[in-house]
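What follows is one structure encoded as structure tokens, with my remarks underneath.
As a basis for the values below, the full set of heavy atoms in this structure was taken, side chains included, without hydrogen atoms, waters or symmetry mates. What you see is a predicted model, and the numbers here were worked out from it, not measured in a lab.
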Amino acid sequence: MEEANRSSPQAELDSLSKEDLISRIQQLESHVFQLRNLLNKSQETKSENKKQSKQQRKFDFSKYNVRHVLLKFAYFGWTYQGYAVQEDTINTIETELFNALLRTRLIDARQTSNYHRCGRTDKGVSAFSQVISIDLRSNLKEGVGVVVRNPEAKTQSEEINYVNILNHVLPQDIRVLGWTPVETGFSARFDCRCRVYRYFLPRGQLDVDRMRAASAKLVGEKDFRNFCKMDVGNGVVTFVRRIESIEMERVRVSSDSEKEGEDADPYSFYCIQVKGNAFLWHQIRCIVSVLLMIGRHLESAELIDQLLDVERNPTKPQYSMADEEPLVLFDCDFEGIEWHCGENENSLIAAHLQRMWCRQAVRLTQIRVLLDVVERRPGGDTAKEHIRELSEEGHSKRYRPLMERERASSLESRVDHYVKRRRLDETVYEKMKK
């Protein structure tokens, strides 16, 4: 039986015709060719991995000193899921930043880089002056912020051009604007004196003077629990913050020329600028949303007083936040800091931004020209949708006054919820009394 089984393949071949044998040979040759390709690719991958591994091992960070510096950079956050690294996405500003720092060998690892960030922006929000403090590889053996890790460290007479090297590898919508050395204990988060946010918006039919008068009520130290999204799950149980100033001014750039009546143009742009030291989660967007209701005469300025009176109104009425894309972390202020960026590097940044502007400006101008044509036709001048994309409030057929709406859960009930689930310790109740 075993002999019959061994001879069966031979018997099968003997039974094949010449054409069948040729077909069988061609199939076998095709399989051999595919196997060779797979084998070659596998060997090439292993070889490439070995090369990369060898290259990574060659870079010995112990041979270099480090320097504690501040990095100032800007980004357009429209297409990102926020600034901070997140577990469920790699599409964040911080992910791109550390990819660039690791790729350029300026740091060995985030965990050992003495890293602090000044601010944290949410999905869609941009920054023109985000600042981080971090230890970067240095060419120097002495100077402000230099930490000598090896007396025999490789050094040069000039410092690494951090701006140039990082901008070569960062995405197009993220740009380093400058850097400066600081003492090793300096923190971008804790040593920031104030943060400035700007919210850009078209004038539309907004009553700007009315919004200015209402915003003045927000200046000073207040309890802003009704102007934010409560982040109790992360231990935030006090909502008193100080706003230094709120201004609403027309946006002008250096190339603008003042024309009579242009401030009343519904297509002129304004910004609401809010200055303070620390802000609550979504505080700016909530403030803007309420100001827009007042500017559209949906609410009176007294609404601000009512929302700030947490004794009478301890729970927040339900309302939509203003859109995220117009919001920008505009400035972070530090005492005695002078930023370094060479003339050539700044020229490259300007040229890059000019190219970005050109593409967007062409599209914007095309829309504006078509809009001008349509508005001149019958009925075109009755449309009043200039700011509808920025706020969902007031666009339904029947507007419901804010103070008549359903309320969110109270601070106390939220804290009880998280304490019962052991997300918060019972000592949180003492924090609430302070």
Between atom OG1 of T112 and atom CG of D135, what is the distance when rounded to the nearest 0.5 Å?
-> 8.5 Å
Are I246 and I272 close enough that some pair of their side-chain heavy atoms sits under 4.5 Å apart?
-> yes
First locate atom CZ of F186, then atom OG1 of T180, and finally report the distance between them rounded to the nearest 0.5 Å.
-> 9.0 Å
Using distance alone, with no hydrogens and no angle criterion, decide if Q273 and R198 have a side-chain donor and acceptor under 3.5 Å apart.
-> yes
Does a salt bridge link D416 with K420, judged by any charged N lying under 4.0 Å from a carboxylate O?
-> no
Rounded to the nearest 0.5 Å, what separation is found between the NZ atom of K217 and the CD1 atom of I294?
-> 9.0 Å
Distance in Å, W78 CH2 paired with S126 OG, rounded so as to fall on 0.5 Å steps | 6.0 Å
Keeping the roles fixed (side chain from R407, backbone from T315), state whether a donor-acceptor pair exists under 3.5 Å.
-> yes
Nearest-0.5 Å distance, CG of residue D323 to CD1 of residue I387 = 12.0 Å
What closest approach, in Å, do R414 and S409 show between heavy atoms, and which atom pair accounts for it?
-> NE-O, 3.1 Å
Hey, what's the ring geometry for F76 with F128, parallel, tilted or perpendicular (30° and 60° as the breaks)?
-> perpendicular
So does E96 pair up with R175, basic N to acidic O under 4.0 Å?
-> no
Electrostatic pair R242:E244 at N-O distance under 4.0 angstrom | yes
Give the C-alpha distance, both sets of side-chain angles, the deciding distance and a yes or no for salt bridge (charged side-chain N to carboxylate O under 4.0 Å, His left out) between R285 and E324.
-> CA-CA 7 Å; R285 291 171 61 190; E324 68 271 12; 3.5 Å; yes
For R422, look at atom CZ and say whether over 12 heavy atoms of other residues, nucleotides or ligands are found less than 6.0 Å away.
-> no
Residue pair N277 / R193, side-chain heavy-atom distance below 4.5 Å = no
Do F73 and L97 come within less than 4.5 Å of each other through their side chains, counting heavy atoms only?
-> yes
Proximity of F330 and Y197 rings by center, below 6.0 Å = no
R189, CZ: over 12 other non-hydrogen atoms inside 6.0 angstrom = no
Checking R110 against F98: charged group under 6.0 Å from the ring centre and within 45 degrees of the axis?
-> yes
Is K316 positioned over the aromatic face of Y319, cation under 6.0 angstrom from the ring centre and no more than 45 degrees off axis?
-> yes
Carefully, step by step, assess S62 and D60 under the rule side-chain hydrogen bond (donor to acceptor under 3.5 Å, both in side chains).
-> CA-CA 5 Å; S62 67; D60 187 355; 2.6 Å; yes
Flag yes if more than 12 heavy atoms outside Q205 fall under 6.0 Å of its CD atom; otherwise flag no.
-> yes
Polar contact flag, side-chain donor to acceptor under 3.5 angstrom, S138-E159 | yes
Side chain R149, main chain F61, donor-acceptor under 3.5 Å = yes
Can you establish whether the number of heavy atoms outside E389 located under 6.0 Å from its atom CD is more than 12?
-> no
Using atom types as modelled and distance alone, determine if a side-chain donor or acceptor of R137 lies under 3.5 Å from a backbone N or O of R105.
-> yes
Within 45 degrees of the axis of the six-membered ring of Y83 and under 6.0 Å from its centre: does R117 put its NZ or CZ there?
-> no
Do S187 and H116 have a side chain donor and acceptor closer than 3.5 Å?
-> yes
Can you find a heavy atom in the side chain of V147 that is under 4.5 Å from one in the side chain of H68?
-> no
With a 3.5 Å cut-off and no angle check, do the side chains of T121 and Y75 form a donor-acceptor pair?
-> yes
E158 and N139: side-chain donor and acceptor closer than 3.5 Å?
-> no
The single option from I165, L166, N161, I160 passing side chain to side chain contact (heavy atoms under 4.5 Å, CB included) against V163 = N161
Going by atom types alone, do D425 and T427 pair a side-chain donor with an acceptor below 3.5 Å?
-> yes
Residue pair Y115 / E94, side-chain donor-acceptor N/O under 3.5 Å | yes
List for me each residue that meets side-chain hydrogen bond (donor to acceptor under 3.5 Å, both in side chains) alongside S289, sequence neighbours excluded, and say none if there are none.
-> none
If you draw a 6.0 Å radius around CZ in R423, do more than 12 non-hydrogen atoms from other residues or ligands fall strictly inside?
-> no
How far does CD of Q130 sit from CG of L177, to the nearest 0.5 angstrom?
-> 11.0 Å
Keeping the roles fixed (side chain from E299, backbone from L402), state whether a donor-acceptor pair exists under 3.5 Å.
-> yes
Whether N226 side chain and N313 backbone form a donor-acceptor pair below 3.5 Å = yes
